[in-house]
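The block underneath contains the structure these notes are about, expressed in structure tokens.
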Amino acid sequence: MNGAVEAANKNINKILRKMVENHKQWHEKLPFALLGYRTIVRTSTGATPYLVVSGIEAIIPAEVEIPSLRIMQEAELSDAQWIRSHYNQLDLIDGKRMNVVCHGQLYQNTMSKAFNKKVKLRQFTPGQLVLKRIFPHQDEAKGKFSPNWQGPYMVHRVLIGGSLILAAIDVEIWPKPINSDAVKRYYV
């Protein structure tokens, strides 16, 4: 959730930068930036955030000044008809939200397929020599100019799921498995 808030803030900041000439006016333009952000269709969901939350599309200020077909139709309704139409819209909220969820899942599948096309499967076999990545939190990481890889090590065993049991050259076997993403082939 925190990542979604950061992404939203970043997008609102981009909208504000386009609207404001100097940094002193941003608070005057913020309501317009928020309205723009809430009423633009998201690619990931296929709907506006306003529609997802309220179940109906927002009426933008321009529609009030220059009545759209939707505004004119609502103006012609009696109070009872208007209430009935809004109750019907409330009944449809769950269906609209379900459509947004389905659209989001399809979008995620499309994005993961595009990402996975670039992934190269790495296969290791026992006896191969590899280098192990040095992560920043390890004791071996001693600053900007220290090496990023250590080794060579020998692959002792390949586990299901891509984890490896490594052995040092002097045949000391490490008890902890390591993810194959953290190693690379070592060529002599």
Side-chain angles (χ1 to χ4, degrees), residues 1-19 33-34 36-55 57-58 92-188:
M1 185 67 169
N2 195 13
V5 172
E6 289 174 7
N9 287 344
K10 183 172 68 171
N11 288 331
I12 292 168
N13 194 357
K14 283 182 185 176
I15 293 169
L16 277 172
R17 267 191 253 131
K18 291 178 183 176
M19 295 174 70
L34 289 172
Y37 179 76
R38 293 174 183 151
T39 57
I40 294 173
V41 175
R42 301 283 172 271
T43 305
S44 59
T45 59
T48 65
Y50 193 89
L51 174 71
V52 174
V53 172
S54 66
E57 285 293 350
L92 294 175
I93 286 178
D94 289 334
K96 289 179 181 178
R97 286 184 180 157
M98 196 57 142
N99 286 342
V100 167
V101 168
C102 291
H103 184 85
Q105 289 174 343
L106 289 172
Y107 179 76
Q108 283 181 343
N109 287 343
T110 304
M111 295 303 288
S112 66
K113 282 180 186 176
F115 176 79
N116 288 338
K117 282 182 184 177
K118 299 177 183 178
V119 174
K120 294 178 183 175
L121 187 62
R122 295 189 294 164
Q123 303 264 335
F124 294 98
T125 57
Q128 281 182 327
L129 294 178
V130 295
L131 296 175
K132 184 179 87 66
R133 181 184 304 275
I134 299 174
F135 292 104
H137 64 278
Q138 290 177 310
D139 292 336
E140 292 87 4
K142 292 188 167 75
K144 186 176 186 175
F145 299 109
S146 64
N148 295 328
W149 300 91
Q150 66 183 169
Y153 297 98
M154 189 170 46
V155 175
H156 179 71
R157 214 167 89 205
V158 179
L159 303 175
I160 297 173
S163 295
L164 305 172
I165 301 287
L166 298 180
I169 298 299
D170 60 0
V171 193
E172 176 191 348
I173 298 172
W174 287 15
K176 283 182 154 183
I178 187 166
N179 195 326
S180 61
D181 291 345
V183 299
K184 68 179 182 179
R185 288 281 311 266
Y186 176 75
Y187 299 98
V188 182

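We number each residue from 1, following the sequence as shown. None of these values were measured; they are calculated from a predicted model. We use all heavy atoms of the structure for the numbers below, so side chains are in, but hydrogens, waters and symmetry mates are not.
Rounding to the nearest 0.5 Å gives a distance of 12.5 Å between CG of L129 and OH of Y153. Between the CD1 atom of I173 and the CG atom of L166 there is a distance of 10.5 Å, given to the nearest 0.5 Å. In this structure, the separation between CD1 on I12 and NZ on K10 is 12.5 Å, given to the nearest 0.5 Å. One finds the OH atom of Y37 at 11.0 Å from the NZ atom of K14 (value rounded to the nearest 0.5 Å). Distance NZ/K132 to CD1/I178: 5.0 Å, rounded to 0.5 Å. We find the CE-CZ distance between M154 and F124 to be 14.5 Å, quoted to the nearest 0.5 Å.
Under the 3.5 Å distance criterion, the side-chain polar atoms of R122 are matched with a main-chain donor or acceptor of V183.
When all heavy atoms are compared, the tightest approach of P175 to I165 is O-CD1, 4.2 Å. A33 and I15 get closest at one heavy-atom pair: CB-CG2, 3.7 Å. Between L159 and P177 the shortest heavy-atom distance is CD1-CB, 3.7 Å.
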Given T125 and V155, is the side chain to side chain contact (heavy atoms under 4.5 Å, CB included) satisfied, shown in steps?
CA-CA 7 Å; T125 57; V155 175; over 6 Å; no
Run the side chain to side chain contact (heavy atoms under 4.5 Å, CB included) test on W149 and R133 for me, step by step, so that the C-alpha distance in whole Å, both residues' side-chain angles and the decisive distance to 0.1 Å come before the verdict.
CA-CA 4 Å; W149 300 91; R133 181 184 304 275; 3.6 Å; yes
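For R185, the CZ atom sits in a packed shell: over 12 heavy atoms of surrounding residues, nucleotides or ligands are nearer than 6.0 Å.
V158 pairs in a side chain to side chain contact (heavy atoms under 4.5 Å, CB included) with only one of the listed residues (P126, S180, S163), which is P126.
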